Amino acid sequence: MKSDIEIARAAARRPIWEIGEGLGIPAEFLEPYGNDKAKVATPFIESLHERPDGKLILVTAISPTPAGEGKTTTTVGLGDGINRIGKKAVICLREPSLGPCFGVKGGAAGGGHAQIVPMEDINLHFTGDFHAISTAHNLLAAMIDNHIHWGNEQDLDPRRVTWRRVMDMNDRALRDIVCSLGGVANGYPRETGFDITVASEVMAILCLAEDLEDLERRLGNIIVGYRRDKSAVTARDLKADGAMATLLKQAVKPNLVQTLENNPAFVHGGPFANIAHGCNSVIATKTALKLADYVVTEAGFGADLGAEKFFDIKCRMAGLKPDAVVLVATIKALKMNGGVAKEDLGREDVAAVERGCANLGRHLENIGQFGVPAVVAINHFTSDTEAEIDCVKAYVGELGAKAIVARHWEEGSAGIEDLAREAVALAESGTADFSPLYQDDLSLFKKMEAVVRRIYRGAHVAASETVLAQLAEWEEKGFGHLPVCMAKTQYSFSTDPHRRGAPAGHTVPVREVRLSAGAGFVVAICGEIMTMPGLPKEPAAEKIRLNAEGLIEGLF
């Protein structure tokens, strides 16, 4: 089997205007970045409003493990598969972050024979969206310190500035810094730090905005810090919102690319699934729904994070009603959830698979709470045995659902036809009766309790008096209707990343809350969450290089 990058490089790509033509996008409404990627012009998107929507299918997964689950690969494969069986489907994905690409994960454009291309461009600078987001974010940071330096008309307390800086790279040395050192001319020294770009509220805003006007409004609502009387100072107060929106004028337009099988894919935005909602942009998803019979999209990490936030944040804000869910699992990941060490995953162990199915079952039950029907995709590996696969099918069958083996990584769309037919059948069944987990008028703390008890199956939310007082203050100021964004480890239903499987009855500590007034949600920091990752001992960057022909090597 060739490597992912070798497969991608050998693919016969069609010019991007042909991909657009297949969706009914005239060439004059495509803004090309080379021959194989383009942005869709705003006037065309605005012309689609009266068209009916297609069916929305979410791809999510069990709790992530080092063994891998293949959620993005399955999303791409499923889109190809639905097109293969004669339906019209569009894929909607997030853009990869450079941090993970050069850190642990490597590339994030799918894998095997289920990829989006141009793989190298998508994984690297692509159309410059992340650069624009970083620049807009850091412009606001510069304007904050500049405002303080030139008299501080807003009376912003330097000790209460909450807006940090960002860069799209893993760099632990920048997590906590002191800025403005070097004397009077350089401003007032204060503590601050860097987050990774995908953790920026600007990223979340771009992905939740309905249009450019909504984008600017949300940017203006960003709270950058507080005055000495604890009243909020916003980006609008600093007159930064207009310039920030200007920097994002191109970035807000969805990016159109294609799969290895020349099927259309929108790849746009990339918010963290911890600190934000972990979904591609509302604009891309809504545009796709107007252009296709079926839209296949994904949400970051396992269903307890990505799917919950897709339902409770993205769908709530955008008025989306998903029609079906595909829950991805691998035999190897189920074994790890069943207690098997990574080095022993190659051996058949039906008992471990059965134990690990508790994690799968928990996610499946949770999806049912939102009223959306689901099918389980067993992302196939050659080491999987029939006995292990039969174990999963039997377990899922007892829960009233189906588990279908998908071989898209090895065979492309030909290996995922059965799953494609079942996903389409579920989407067309009319059984979806979507509703969020909680209502808008519930208190912020009660919303957190709802997620902890019903999704994580925890017994208790531990929050200090300071946290409770902060929530009460935000409610008094009119933010109580906002949804909550739970930021916790992706590896467990608990806040302990080592507690795999399906733990229950645990306590979830909320150590800090943050108001993302521009994005429109309240973040609850649960346990230890990093917004600026570090590089591993042997980062993927060590293996990435240009060969003698100038082609990229090592980017998966």
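Quick caveat: nothing in here was measured; it's all calculated off a predicted structure. Computed from heavy atoms alone, side chains included, the values below leave out hydrogens, waters and symmetry copies.
Here CD1 of I367 is found 4.5 Å from CG of L327. Values are rounded to the nearest 0.5 Å. Taking CG of D80 as the start and CD1 of I416 as the end, the distance is 8.5 Å to the nearest 0.5 Å. Between the CD atom in E354 and the OH atom in Y395 there is a gap of 9.0 Å [rounded to 0.5 Å]. The CZ atom of F44 sits 12.5 Å away from atom CD of E31, with the distance rounded to the nearest 0.5 Å. For the atom pair CD1 (I91) and CD1 (I82), the distance works out to 8.5 Å, reported to the nearest 0.5 Å. We find the CG-CD1 distance between L93 and I122 to be 8.5 Å, quoted to the nearest 0.5 Å.
Within the 4.5 Å cutoff, the side chain of N366 has no heavy atoms near those of the E308 side chain. Within the 4.5 Å cutoff, side-chain heavy atoms of V40 are placed close to those of L30. For the pair P483/M317, a side-chain contact is recorded, criterion being any heavy-atom separation below 4.5 Å from C-beta on. Between I389 and H380, the closest side-chain pair of non-hydrogen atoms falls below 4.5 Å. A heavy-atom distance below 4.5 Å is not found between the side chains of F381 and I331. Contact of the C485 side chain with the I313 side chain is registered, since non-hydrogen atoms from C-beta on lie closer than 4.5 Å. With contacts defined as side-chain heavy-atom distances shorter than 4.5 Å, the pair F311/L58 qualifies. Residues I19 and I16 have side chains in contact (heavy-atom distance under 4.5 Å, counting atoms from C-beta outward).
When all heavy atoms of D168 and S97 are compared, the pair lying nearest together is OD1-OG, 2.7 Å. Shown here for F301 and A273, the closest heavy-atom pair between the two residues is CD1-CB, 3.3 Å. Heavy-atom minimum distance, L305 versus M486: CD2-O, 3.6 Å. For A502 against F493, the heavy-atom pair with the smallest separation is CA-CD1, 4.2 Å. In terms of heavy-atom proximity, V267 sits nearest to R94 at CG1-O, 3.5 Å. Summarising the geometry of C101 relative to N123, their closest heavy-atom pair is SG-O, 3.5 Å, with the distance given to 0.1 Å.
Within a 6.0 Å radius of CD in E28, other residues, nucleotides and ligands contribute more than 12 heavy atoms. Within 6.0 Å of NZ on K402 lie no more than 12 heavy atoms contributed by other residues, nucleotides or ligands. At most 12 non-hydrogen atoms from other residues, nucleotides or ligands lie less than 6.0 angstrom from CG of D433. More than 12 heavy atoms of other residues, nucleotides or ligands sit less than 6.0 Å from atom CG of D390.
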Do Q258 and V117 pass the side-chain contact (heavy atoms from CB on, under 4.5 Å) test, and can you show the C-alpha distance, the side-chain angles, and the key distance before you say yes or no? CA-CA 6 Å; Q258 62 191 291; V117 288; 3.9 Å; yes

Would F266 and I116 satisfy side-chain contact (heavy atoms from CB on, under 4.5 Å), going step by step from the backbone distance to the final call? CA-CA 10 Å; F266 286 117; I116 46 175; over 6 Å; no

Kindly determine whether Q115 and D4 satisfy side-chain contact (heavy atoms from CB on, under 4.5 Å), including the steps that lead there. CA-CA 8 Å; Q115 296 185 57; D4 289 351; 3.7 Å; yes

Taking it one step at a time, do N255 and Y33 satisfy side-chain contact (heavy atoms from CB on, under 4.5 Å)? CA-CA 10 Å; N255 305 299; Y33 285 67; 5.8 Å; no

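Formation of a donor-acceptor pair under 3.5 Å by the T287 side chain with backbone atoms of I45 is not found in this model. When atom types are taken as modelled, the side chain of N170 and the backbone of L535 share no donor-acceptor pair closer than 3.5 angstrom. In this structure, the side chain of D312 engages the main chain of L437 through a donor-acceptor pair within 3.5 Å. In terms of modelled atom types and a separation under 3.5 Å, the side chain of E388 and the main chain of T385 share a donor-acceptor contact. D323 places no side-chain N or O within donor-acceptor distance of the main-chain N or O of I57, the cut-off being under 3.5 Å.
A salt bridge does not link E428 with K87: every distance from a Lys NZ or Arg NE/NH1/NH2 to an Asp or Glu carboxylate oxygen is 4.0 Å or more. Contact check on D384 versus R407 returns no salt bridge, with no Lys/Arg side-chain nitrogen under 4.0 Å from an Asp/Glu carboxylate oxygen. The pair K321-D53 does not meet the salt-bridge criterion, since no charged nitrogen lies less than 4.0 angstrom from a carboxylate oxygen. Looking at R84 and E261, no side-chain N of the basic residue comes within less than 4.0 Å of a carboxylate O on the acidic one, giving no salt bridge. By the 4.0 Å N-to-carboxylate-O rule, D349 lies too far from K335 to be salt-bridged with it.
A donor atom on one side chain and an acceptor atom on the other are found under 3.5 Å apart for K314 and T285. Using modelled atom types and a 3.5 Å distance limit, the side chains of T73 and H408 yield no donor-acceptor pair. Counting only N and O atoms by type, the side chains of T65 and E69 include a donor and acceptor under 3.5 Å apart. N83 and S413 share no donor-acceptor pair across their side chains, judged by distance under 3.5 Å alone. Inspection of the K309 and N274 side chains reveals no N or O donor paired with an N or O acceptor under 3.5 Å. For the residue pair R454 / Q369, a side-chain donor-acceptor distance below 3.5 Å is found, with atom types taken as modelled. Checked by atom type, the side-chain pair T330/N379 shows no donor-acceptor distance below 3.5 Å.
Considering K39, K37, K253 as possible partners of D129, the one that fulfils the salt bridge (charged side-chain N to carboxylate O under 4.0 Å, His left out) test is K39. Remark: of the listed residues H363, R499, R500, H363 is the sole one forming a side chain to side chain donor-acceptor pair (under 3.5 Å) with S63. Residue V252 is tested with D211, D214, I283, I205 for a side-chain contact (heavy atoms from CB on, under 4.5 Å); the sole match is I283.
Below 30°, between 30° and 60°, or above 60°: for F370 and F434 the angle between ring planes is below 30°, a parallel geometry.
The ring of H268 has its center no closer than 6.0 angstrom to the ring center of F126.
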